[in-house]
Amino acid sequence: MDKFYITTAIDYVNGAPHIGHAYEKILTDIIARHYSQRTDNMFFLTGTDEHGIKIQKTAASKGITPKQLCDENAQKFKDAWKALDIKYNRFIRTTDEDHEKIVQKIFQKLKDKGAIYKHEYEGWYCSGCECFLNPKDLTEDGLCPDHQKKPDIVREENYFFKLSAYKDAIIKHIKENPDFIVPSFRANEVLNQLEDIQDISVSRSKENVGWGIDILDDPNQSIYVWIDALSNYITAIGYDPDGSSEQFKSLWPVDVHVIGKDILKFHSIYWIGILMALELPLPKHIFAHGWITIDETKMSKSLGNVVSPTSVLENFELEYPDAFRYYMATSAPCGRDGNYSDEDFKEKVNAHLANSMGNLLNRTLSMLVKYFDGEVKDEFFVTKNPELVEGSLSLIKESIGKIKVVENHFNHFEIAEAAQEIISIVDAANKYVTDNAPWTLAKEEKMTECGQVLTTVLEVMCVISSLIYPYCPNIATEMAKQLSYDITKKLDEITTDEIKPGKLITKEEIKPVFLRVDSELADKSAKK
Ligand code: MSP
């Protein structure tokens, strides 16, 4: 694999980040970190979407300028991603100067090509969606189905993008590329929406929406937010209609746009039409994840159940975000809705990360110190003594074999499914320890056998630490440290003998990699 380019949706900045925004960034970070284990040229883009009527209105209600609101809130997103160890390569803001300039050029190019034309229009505009709604999509009471608000009637002379001209080509592309939209069951929804697709308004009058990018030769109009926002995927890496950067040439087309299911139409129809008009290659995949509910209820300001991702870290007094990342990433199968609850969080991470995984390493290293003073002897290795303890060779082979299984899940953006495979190796290793009872072998003075059981488990732990790294980078790094294992290894470099013979560890160097999440803290958090 020569490169991997991945993006998230860019978040609106009219509030602080919540757990739903965090879910997407965590999934994306995990995919990005996984692909960093497969290529040296990985680029992860995220950012904030800062123009539009919604921001303008929120700023006005607070008595501050839109730019002040954007600066304040963009920082909250950056701080949250830092706390969650989201390791992006660029954080783009749609108010960044380089972005604004190129968006103007993109608009101009589309206009020069005749893909954009001016037209008098009247329609229902929902500022929550930042788009015109088709009257047939409104509820019986005439409300936006997503925002439960009456859209505004807007009568303006706007620029329109000839989306209908690309309709057949988009349909063909979706049908010919079954893995273009992930999960594939969403492709039918898109094909249905495409049936009555019309040209879309791509500008607003400056008078009504002042907070937007100006159209170069028409000062009375500003560029519609979605054209501005979607373009971030190419402006961020140096697209320029007059000659793009080397970085753009090496990264585009994007490997995957990670987005929520609610904005699939914009990405798989509008964006694809724009790219076709710009004559640029199309994204390889669009991965639409599901939505996160809180205690099985939709998050909303009016219900007062909006959970901030950093509050979870604070409530449970977590030193690292790993447990939260793991929990969120495994909360739903690919593309399905997930749920967050304090109680479930505590149970799952204690079971998987503390009891199964962390404890396995801790017990094994402690026995190595107790029986062998922390030393791994030559004769312990399965490669030297393959017949010594039944199941040793097959366990190591099984763990190495799982690397491809996990990679394959990632190829399909099945993050929770991949995690399940990783935990299944942990379970297999725990079973192997129980079956072979190294403490009994030691009592019976079968020391080579005992050493082989421990060494086999440590070998498997090297594989586990690499595979779990994208989900839990801090825990994995600590595990690798105690195993003297190089966590920066690429996945295809991992072998069956990563543990080096000789003194591995002292009693003082052993420490639990993950402390159980405290029940009392969970209760405190629930009360809050
Ligand atoms: N600004 C647009 C995206 C432009 S991308 C060129 C937008 N912003 S948003 O802030 O409303 O949403 C940002 C992302 O967060 C979207 O992918 C959206 O689906 C996701 N989520 C928002 N709430 C969510 C949940 N409750 N659960 C999971 N993801 C959710 O749309």
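Ligands are counted one by one from 1 in listed order, and the atoms in each one are counted from 1 as well.
Judged by distance alone, the side chain of Ser356 and the main-chain N or O of Ala351 form a donor-acceptor pair under 3.5 Å.
Phe160 does not carry Lys118 over the face of its six-membered ring by the limits of under 6.0 Å from the centre and within 45° of the normal.
Applying the salt bridge (Lys or Arg N to Asp or Glu O under 4.0 Å) criterion to Asp79, with sequence neighbours excluded, gives no partner residue. Considering only residues two or more places apart in sequence or on other chains, Asp137 meets the salt bridge (Lys or Arg N to Asp or Glu O under 4.0 Å) condition with none of them.
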Identify all side-chain donor-acceptor contacts of residues 25-32 below 3.5 Å with residues at least two apart in sequence or on another chain.
residue, atom, partner, partner atom, Å
Lys25, NZ, Ala9, O, 3.4
Lys25, NZ, Asp11, OD1, 2.9
Lys25, NZ, Asp11, OD2, 3.1
Thr28, OG1, Glu24, O, 2.6
Asp29, OD1, Lys87, N, 2.8
Asp29, OD2, Arg33, NE, 2.8
Asp29, OD2, Arg325, NH1, 2.8
Asp29, OD2, Arg325, NH2, 2.6

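The closest side-chain heavy-atom distance from Leu45 to Tyr5 is below 4.5 Å.
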Dump the pairs for me: ligand 1 N or O, protein N or O, distance under 3.5 Å, to 0.1 Å.
residue, atom, partner, partner atom, Å
ligand 1, 1 (N), Ile10, O, 2.8
ligand 1, 1 (N), Asp49, OD2, 2.7
ligand 1, 10 (O), Tyr12, N, 3.0
ligand 1, 10 (O), His21, NE2, 3.3
ligand 1, 17 (O), Glu24, OE1, 2.5
ligand 1, 17 (O), Gly260, N, 2.9
ligand 1, 19 (O), Asp262, OD1, 2.5
ligand 1, 26 (N), Ile292, O, 3.3
ligand 1, 27 (N), Ile292, N, 2.9
ligand 1, 29 (N), Gly20, O, 3.4

